[in-house]
Undergrad: 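Got a structure for you, questions after.
Because only heavy atoms are used, hydrogens play no part in the values below, and waters and symmetry mates are left out as well, while side chains stay in. No experiment lies behind these values; they were computed from the predicted model shown.
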Amino acid sequence: MVRYLKYLTPLVVFLVVVWFLGRGLYLNPREVPSPLVDKPAPVFSVADLHRPERQFSSEKMMGQVWILNVWASWCRACRDEHPLFVELGRKNIVPIVGLNYKDQRGDALEWLRALGDPYVASAYDVDGRVGMDFGVYGVPETYVIDKQGIIRYKHIGPVTAKSLETKVVALVKELQQ
Amino acid sequence: MKRALACLMLLSAMVTSPLLTAKEAALMAEDPVLEKRVMALAHELRCLVCQNQSLGDSHSDFAIDLRTEMREQMKQGKNDDQVVDFMVERYGDFIRFRPPVKSTTFLLWFGPFILLVIGAAVLFISLKKRKRSVKTTPLNDEERKRAEALLGDK
(Lines give C-alpha, C1' and ligand atoms only; values in the text may rest on other atoms or scores of the structure.)
Protein backbone atom coordinates (compact mmCIF):
# COMPACT_ATOMS: atom_id res chain seq x y z
CA MET A 1 0.00 0.00 0.00
CA VAL A 2 2.73 2.41 1.03
CA ARG A 3 4.61 1.51 -2.16
CA TYR A 4 1.63 2.46 -4.30
CA LEU A 5 1.30 5.73 -2.42
CA LYS A 6 4.78 6.67 -3.54
CA TYR A 7 3.86 6.24 -7.17
CA LEU A 8 0.49 7.93 -6.79
CA THR A 9 1.88 11.12 -5.27
CA PRO A 10 3.07 12.67 -8.57
CA LEU A 11 -0.27 11.85 -10.14
CA VAL A 12 -2.16 13.51 -7.30
CA VAL A 13 0.08 16.58 -7.45
CA PHE A 14 -0.40 16.69 -11.22
CA LEU A 15 -4.19 16.52 -10.89
CA VAL A 16 -4.22 19.31 -8.32
CA VAL A 17 -2.14 21.51 -10.63
CA VAL A 18 -4.42 20.66 -13.56
CA TRP A 19 -7.45 21.58 -11.49
CA PHE A 20 -6.05 24.99 -10.55
CA LEU A 21 -4.82 25.82 -14.04
CA GLY A 22 -8.05 24.53 -15.59
CA ARG A 23 -10.13 26.72 -13.31
CA GLY A 24 -7.96 29.67 -14.20
CA LEU A 25 -8.95 29.24 -17.84
CA TYR A 26 -12.57 29.89 -17.00
CA LEU A 27 -12.06 32.88 -14.76
CA ASN A 28 -12.43 36.29 -16.29
CA PRO A 29 -9.46 38.35 -15.18
CA ARG A 30 -11.25 41.54 -16.14
CA GLU A 31 -14.00 40.95 -13.64
CA VAL A 32 -12.55 42.47 -10.56
CA PRO A 33 -14.78 42.16 -7.52
CA SER A 34 -15.95 45.64 -6.71
CA PRO A 35 -15.49 46.79 -3.14
CA LEU A 36 -18.61 48.91 -3.62
CA VAL A 37 -21.05 46.00 -3.82
CA ASP A 38 -23.19 45.97 -0.67
CA LYS A 39 -22.01 49.49 0.14
CA PRO A 40 -24.00 52.70 -0.25
CA ALA A 41 -23.86 54.02 -3.80
CA PRO A 42 -21.94 57.29 -4.08
CA VAL A 43 -24.35 60.20 -4.09
CA PHE A 44 -23.84 62.42 -7.08
CA SER A 45 -25.33 65.45 -8.68
CA VAL A 46 -24.32 66.40 -12.20
CA ALA A 47 -25.84 68.18 -15.17
CA ASP A 48 -28.72 66.51 -16.94
CA LEU A 49 -27.75 65.30 -20.40
CA HIS A 50 -30.86 66.58 -22.10
CA ARG A 51 -31.23 69.83 -20.22
CA PRO A 52 -27.79 71.19 -19.33
CA GLU A 53 -29.26 73.85 -17.07
CA ARG A 54 -30.84 71.20 -14.85
CA GLN A 55 -29.07 68.95 -12.39
CA PHE A 56 -29.62 65.28 -11.95
CA SER A 57 -29.24 64.19 -8.36
CA SER A 58 -29.04 60.52 -7.46
CA GLU A 59 -30.86 61.27 -4.19
CA LYS A 60 -34.03 61.52 -6.25
CA MET A 61 -33.87 57.77 -6.77
CA MET A 62 -33.92 56.94 -3.05
CA GLY A 63 -36.76 54.68 -1.94
CA GLN A 64 -36.92 52.67 -5.14
CA VAL A 65 -34.91 49.98 -6.81
CA TRP A 66 -33.11 51.37 -9.84
CA ILE A 67 -30.51 50.54 -12.42
CA LEU A 68 -27.56 52.73 -13.28
CA ASN A 69 -26.15 52.09 -16.73
CA VAL A 70 -22.82 53.70 -17.53
CA TRP A 71 -22.33 54.27 -21.24
CA ALA A 72 -20.71 56.47 -23.85
CA SER A 73 -21.25 57.07 -27.52
CA TRP A 74 -17.63 56.17 -28.28
CA CYS A 75 -18.06 52.76 -26.69
CA ARG A 76 -18.72 50.02 -29.18
CA ALA A 77 -19.84 47.45 -26.62
CA CYS A 78 -22.45 49.92 -25.34
CA ARG A 79 -24.06 49.83 -28.76
CA ASP A 80 -24.29 46.04 -28.48
CA GLU A 81 -26.09 46.02 -25.17
CA HIS A 82 -28.25 49.08 -25.77
CA PRO A 83 -31.20 47.36 -27.49
CA LEU A 84 -31.58 45.17 -24.42
CA PHE A 85 -31.98 48.23 -22.22
CA VAL A 86 -34.40 49.79 -24.70
CA GLU A 87 -36.48 46.65 -24.43
CA LEU A 88 -36.22 46.57 -20.64
CA GLY A 89 -37.20 50.23 -20.51
CA ARG A 90 -40.31 49.49 -22.52
CA LYS A 91 -41.41 46.88 -20.00
CA ASN A 92 -41.50 49.52 -17.26
CA ILE A 93 -40.28 47.17 -14.59
CA VAL A 94 -37.58 49.33 -13.14
CA PRO A 95 -36.31 52.87 -13.71
CA ILE A 96 -33.01 52.94 -15.59
CA VAL A 97 -30.75 55.93 -15.19
CA GLY A 98 -28.09 56.50 -17.82
CA LEU A 99 -24.72 57.84 -16.82
CA ASN A 100 -23.13 59.26 -19.93
CA TYR A 101 -19.43 58.83 -19.23
CA LYS A 102 -16.75 61.14 -20.64
CA ASP A 103 -18.64 61.93 -23.77
CA GLN A 104 -19.55 64.86 -26.00
CA ARG A 105 -23.06 66.03 -25.30
CA GLY A 106 -23.96 66.29 -28.99
CA ASP A 107 -22.68 62.81 -29.78
CA ALA A 108 -24.52 61.35 -26.82
CA LEU A 109 -27.83 62.97 -27.70
CA GLU A 110 -27.49 61.89 -31.31
CA TRP A 111 -26.76 58.34 -30.14
CA LEU A 112 -29.90 58.25 -28.01
CA ARG A 113 -31.98 59.66 -30.84
CA ALA A 114 -30.74 56.99 -33.21
CA LEU A 115 -30.79 53.98 -30.92
CA GLY A 116 -33.59 54.82 -28.51
CA ASP A 117 -33.62 56.29 -25.04
CA PRO A 118 -34.61 53.85 -22.30
CA TYR A 119 -33.48 56.13 -19.48
CA VAL A 120 -35.81 57.87 -17.07
CA ALA A 121 -32.97 60.34 -16.60
CA SER A 122 -29.55 60.82 -18.10
CA ALA A 123 -26.70 62.22 -16.06
CA TYR A 124 -23.85 63.84 -17.92
CA ASP A 125 -20.54 62.85 -16.35
CA VAL A 126 -18.32 64.85 -18.65
CA ASP A 127 -15.07 64.53 -16.70
CA GLY A 128 -15.62 61.02 -15.38
CA ARG A 129 -15.74 62.12 -11.74
CA VAL A 130 -18.91 60.21 -10.96
CA GLY A 131 -17.51 57.22 -12.81
CA MET A 132 -14.42 57.34 -10.65
CA ASP A 133 -16.51 57.37 -7.47
CA PHE A 134 -18.31 54.29 -8.74
CA GLY A 135 -15.02 52.62 -9.58
CA VAL A 136 -15.85 52.50 -13.28
CA TYR A 137 -12.91 51.29 -15.34
CA GLY A 138 -14.53 49.85 -18.42
CA VAL A 139 -17.75 50.99 -19.99
CA PRO A 140 -20.40 49.76 -20.19
CA GLU A 141 -21.07 48.99 -16.57
CA THR A 142 -24.42 48.35 -14.94
CA TYR A 143 -25.36 48.71 -11.29
CA VAL A 144 -28.43 47.57 -9.41
CA ILE A 145 -29.17 49.86 -6.49
CA ASP A 146 -31.78 49.03 -3.87
CA LYS A 147 -34.37 51.13 -2.04
CA GLN A 148 -31.88 52.08 0.67
CA GLY A 149 -29.37 53.24 -1.94
CA ILE A 150 -27.08 50.23 -1.52
CA ILE A 151 -25.32 48.84 -4.59
CA ARG A 152 -26.42 45.22 -4.81
CA TYR A 153 -24.88 44.15 -8.07
CA LYS A 154 -22.33 45.36 -10.54
CA HIS A 155 -21.99 44.10 -14.07
CA ILE A 156 -18.80 44.97 -15.94
CA GLY A 157 -18.94 45.01 -19.71
CA PRO A 158 -21.97 44.65 -21.95
CA VAL A 159 -24.91 42.71 -20.56
CA THR A 160 -26.32 39.89 -22.62
CA ALA A 161 -29.98 38.96 -22.86
CA LYS A 162 -29.25 36.10 -20.51
CA SER A 163 -27.23 37.99 -17.92
CA LEU A 164 -29.74 40.84 -17.93
CA GLU A 165 -32.60 38.44 -17.29
CA THR A 166 -30.98 36.06 -14.81
CA LYS A 167 -28.83 38.48 -12.87
CA VAL A 168 -30.17 42.00 -13.20
CA VAL A 169 -33.93 41.66 -13.65
CA ALA A 170 -34.18 38.71 -11.27
CA LEU A 171 -32.39 40.69 -8.59
CA VAL A 172 -34.50 43.78 -9.23
CA LYS A 173 -37.71 41.79 -8.79
CA GLU A 174 -36.40 40.26 -5.61
CA LEU A 175 -35.43 43.66 -4.22
CA GLN A 176 -38.77 45.20 -5.15
CA GLN A 177 -40.66 42.73 -2.97
CA MET B 1 -16.03 40.95 -23.29
CA LYS B 2 -13.58 40.89 -26.13
CA ARG B 3 -15.46 43.68 -27.73
CA ALA B 4 -15.37 45.72 -24.57
CA LEU B 5 -11.64 45.17 -24.40
CA ALA B 6 -11.18 46.13 -28.01
CA CYS B 7 -13.32 49.16 -27.37
CA LEU B 8 -11.13 50.18 -24.48
CA MET B 9 -7.92 49.58 -26.34
CA LEU B 10 -9.10 51.57 -29.28
CA LEU B 11 -10.24 54.26 -26.95
CA SER B 12 -6.93 54.44 -25.19
CA ALA B 13 -5.15 54.56 -28.51
CA MET B 14 -7.35 57.39 -29.73
CA VAL B 15 -7.94 59.42 -26.63
CA THR B 16 -4.43 59.11 -25.28
CA SER B 17 -3.42 61.71 -27.71
CA PRO B 18 0.13 63.01 -27.46
CA LEU B 19 -1.47 66.13 -26.03
CA LEU B 20 -2.19 64.48 -22.72
CA THR B 21 1.24 63.03 -22.28
CA ALA B 22 2.71 66.31 -23.35
CA LYS B 23 0.59 67.90 -20.67
CA GLU B 24 2.13 65.62 -18.11
CA ALA B 25 5.59 66.43 -19.35
CA ALA B 26 4.79 70.08 -18.80
CA LEU B 27 3.64 69.30 -15.29
CA MET B 28 6.90 67.50 -14.68
CA ALA B 29 8.79 70.65 -15.53
CA GLU B 30 6.48 72.69 -13.34
CA ASP B 31 6.80 70.71 -10.13
CA PRO B 32 9.30 67.86 -10.44
CA VAL B 33 9.05 66.88 -6.76
CA LEU B 34 5.28 66.40 -6.85
CA GLU B 35 5.46 64.68 -10.21
CA LYS B 36 8.07 62.24 -8.94
CA ARG B 37 5.85 61.43 -5.98
CA VAL B 38 2.87 60.85 -8.27
CA MET B 39 4.85 58.56 -10.53
CA ALA B 40 6.43 56.64 -7.65
CA LEU B 41 3.02 55.90 -6.19
CA ALA B 42 1.52 55.23 -9.62
CA HIS B 43 4.03 52.45 -10.11
CA GLU B 44 2.63 50.76 -7.00
CA LEU B 45 -0.88 50.68 -8.45
CA ARG B 46 -2.34 48.49 -11.15
CA CYS B 47 -3.98 49.89 -14.22
CA LEU B 48 -7.28 48.00 -14.15
CA VAL B 49 -7.82 48.46 -17.86
CA CYS B 50 -4.47 47.05 -18.88
CA GLN B 51 -3.91 44.96 -15.73
CA ASN B 52 -0.33 43.96 -16.27
CA GLN B 53 0.84 47.51 -16.42
CA SER B 54 1.04 49.90 -13.54
CA LEU B 55 -0.77 53.20 -13.46
CA GLY B 56 2.65 54.73 -13.94
CA ASP B 57 3.50 52.81 -17.10
CA SER B 58 0.17 52.99 -18.82
CA HIS B 59 -0.89 55.59 -21.32
CA SER B 60 -4.52 54.55 -21.16
CA ASP B 61 -7.16 57.14 -20.50
CA PHE B 62 -7.97 55.38 -17.26
CA ALA B 63 -4.40 55.64 -15.97
CA ILE B 64 -4.10 59.28 -16.99
CA ASP B 65 -7.34 60.12 -15.17
CA LEU B 66 -6.19 58.41 -12.03
CA ARG B 67 -2.77 60.03 -12.15
CA THR B 68 -4.50 63.39 -12.49
CA GLU B 69 -6.64 62.54 -9.48
CA MET B 70 -3.57 61.50 -7.47
CA ARG B 71 -1.81 64.71 -8.40
CA GLU B 72 -4.81 66.78 -7.28
CA GLN B 73 -5.08 64.95 -3.98
CA MET B 74 -1.37 65.28 -3.27
CA LYS B 75 -1.59 68.99 -4.01
CA GLN B 76 -4.34 69.17 -1.41
CA GLY B 77 -1.84 67.76 1.08
CA LYS B 78 -2.98 64.15 1.25
CA ASN B 79 -0.28 61.64 2.06
CA ASP B 80 0.44 58.50 0.03
CA ASP B 81 -1.62 56.23 2.28
CA GLN B 82 -4.66 58.45 1.95
CA VAL B 83 -4.35 58.46 -1.82
CA VAL B 84 -4.02 54.66 -1.91
CA ASP B 85 -7.05 54.36 0.39
CA PHE B 86 -9.06 56.49 -2.01
CA MET B 87 -8.17 54.11 -4.84
CA VAL B 88 -8.82 50.95 -2.83
CA GLU B 89 -12.25 52.24 -1.73
CA ARG B 90 -13.25 52.50 -5.36
CA TYR B 91 -11.35 49.80 -7.17
CA GLY B 92 -10.62 47.28 -4.43
CA ASP B 93 -7.39 45.73 -3.19
CA PHE B 94 -6.77 44.48 -6.70
CA ILE B 95 -5.50 47.90 -7.70
CA ARG B 96 -2.52 47.43 -5.38
CA PHE B 97 0.40 45.44 -6.66
CA ARG B 98 1.26 44.64 -3.05
CA PRO B 99 -1.92 43.31 -1.50
CA PRO B 100 -2.38 43.88 2.23
CA VAL B 101 -1.97 40.95 4.59
CA LYS B 102 -5.40 39.78 5.72
CA SER B 103 -7.29 36.54 6.06
CA THR B 104 -8.15 36.27 2.36
CA THR B 105 -4.59 36.96 1.25
CA PHE B 106 -2.92 34.77 3.86
CA LEU B 107 -2.18 31.94 1.43
CA LEU B 108 -0.92 34.39 -1.16
CA TRP B 109 1.61 35.81 1.26
CA PHE B 110 2.61 32.75 3.22
CA GLY B 111 1.79 29.89 0.86
CA PRO B 112 5.28 29.78 -0.66
CA PHE B 113 6.90 29.67 2.78
CA ILE B 114 4.55 26.92 3.90
CA LEU B 115 5.51 24.93 0.80
CA LEU B 116 9.17 25.59 1.54
CA VAL B 117 8.83 24.24 5.08
CA ILE B 118 6.96 21.15 3.81
CA GLY B 119 9.64 20.58 1.17
CA ALA B 120 12.43 20.93 3.69
CA ALA B 121 10.69 18.51 6.06
CA VAL B 122 10.23 15.92 3.30
CA LEU B 123 13.86 16.28 2.26
CA PHE B 124 15.08 15.95 5.86
CA ILE B 125 12.98 12.86 6.57
CA SER B 126 13.91 11.09 3.34
CA LEU B 127 17.61 11.82 3.86
CA LYS B 128 17.41 10.37 7.34
CA LYS B 129 15.64 7.29 6.06
CA ARG B 130 18.26 6.72 3.41
CA LYS B 131 21.08 7.05 5.90
CA ARG B 132 19.51 4.31 7.96
CA SER B 133 19.10 2.01 4.96
CA VAL B 134 22.75 2.24 3.85
CA LYS B 135 24.71 -0.61 5.52
CA THR B 136 28.19 0.23 6.71
CA THR B 137 30.31 -2.93 7.00
CA PRO B 138 34.02 -2.45 7.67
CA LEU B 139 36.45 -3.65 4.95
CA ASN B 140 38.49 -6.75 5.52
CA ASP B 141 42.26 -6.79 4.92
CA GLU B 142 42.06 -8.04 1.35
CA GLU B 143 39.53 -5.38 0.37
CA ARG B 144 41.58 -2.69 2.02
CA LYS B 145 44.66 -3.72 0.03
CA ARG B 146 42.72 -3.63 -3.22
CA ALA B 147 41.32 -0.27 -2.41
CA GLU B 148 44.76 1.11 -1.62
CA ALA B 149 46.14 -0.32 -4.85
CA LEU B 150 43.33 1.27 -6.81
CA LEU B 151 43.77 4.62 -5.12
CA GLY B 152 47.51 4.48 -5.71
CA ASP B 153 48.44 4.76 -2.01
CA LYS B 154 51.62 3.12 -0.75
Undergrad: Check A:Asp125 with A:Arg129, please: is the shortest side-chain N to carboxylate O separation under 4.0 Å?
TA: no

Undergrad: Counting only heavy atoms closer than 4.5 Å, note whether A:Lys102 contacts chain B via side chain, backbone, both or neither.
TA: side chain

Undergrad: Using non-hydrogen atoms and a 4.5 Å limit, figure out which bit of B:Glu69 sits close to chain A: side chain, backbone, both or neither.
TA: side chain

Undergrad: On a heavy-atom basis, which atom in B:Arg67 and which in B:Gly56 lie closest, and how many Å separate them?
TA: NH1-O, 3.7 Å

Undergrad: Considering the options A:Leu171, A:Ile93, A:Ile145, A:Leu175, which one meets the side-chain contact (heavy atoms from CB on, under 4.5 Å) requirement together with A:Val65?
TA: A:Leu175

Undergrad: Is B:Tyr91 in contact with chain A via its backbone, its side chain, both, or neither, using a 4.5 Å heavy-atom distance?
TA: both

Undergrad: Looking at A:Glu110 and A:Arg113, does any basic side-chain N land under 4.0 Å from a carboxylate oxygen?
TA: yes

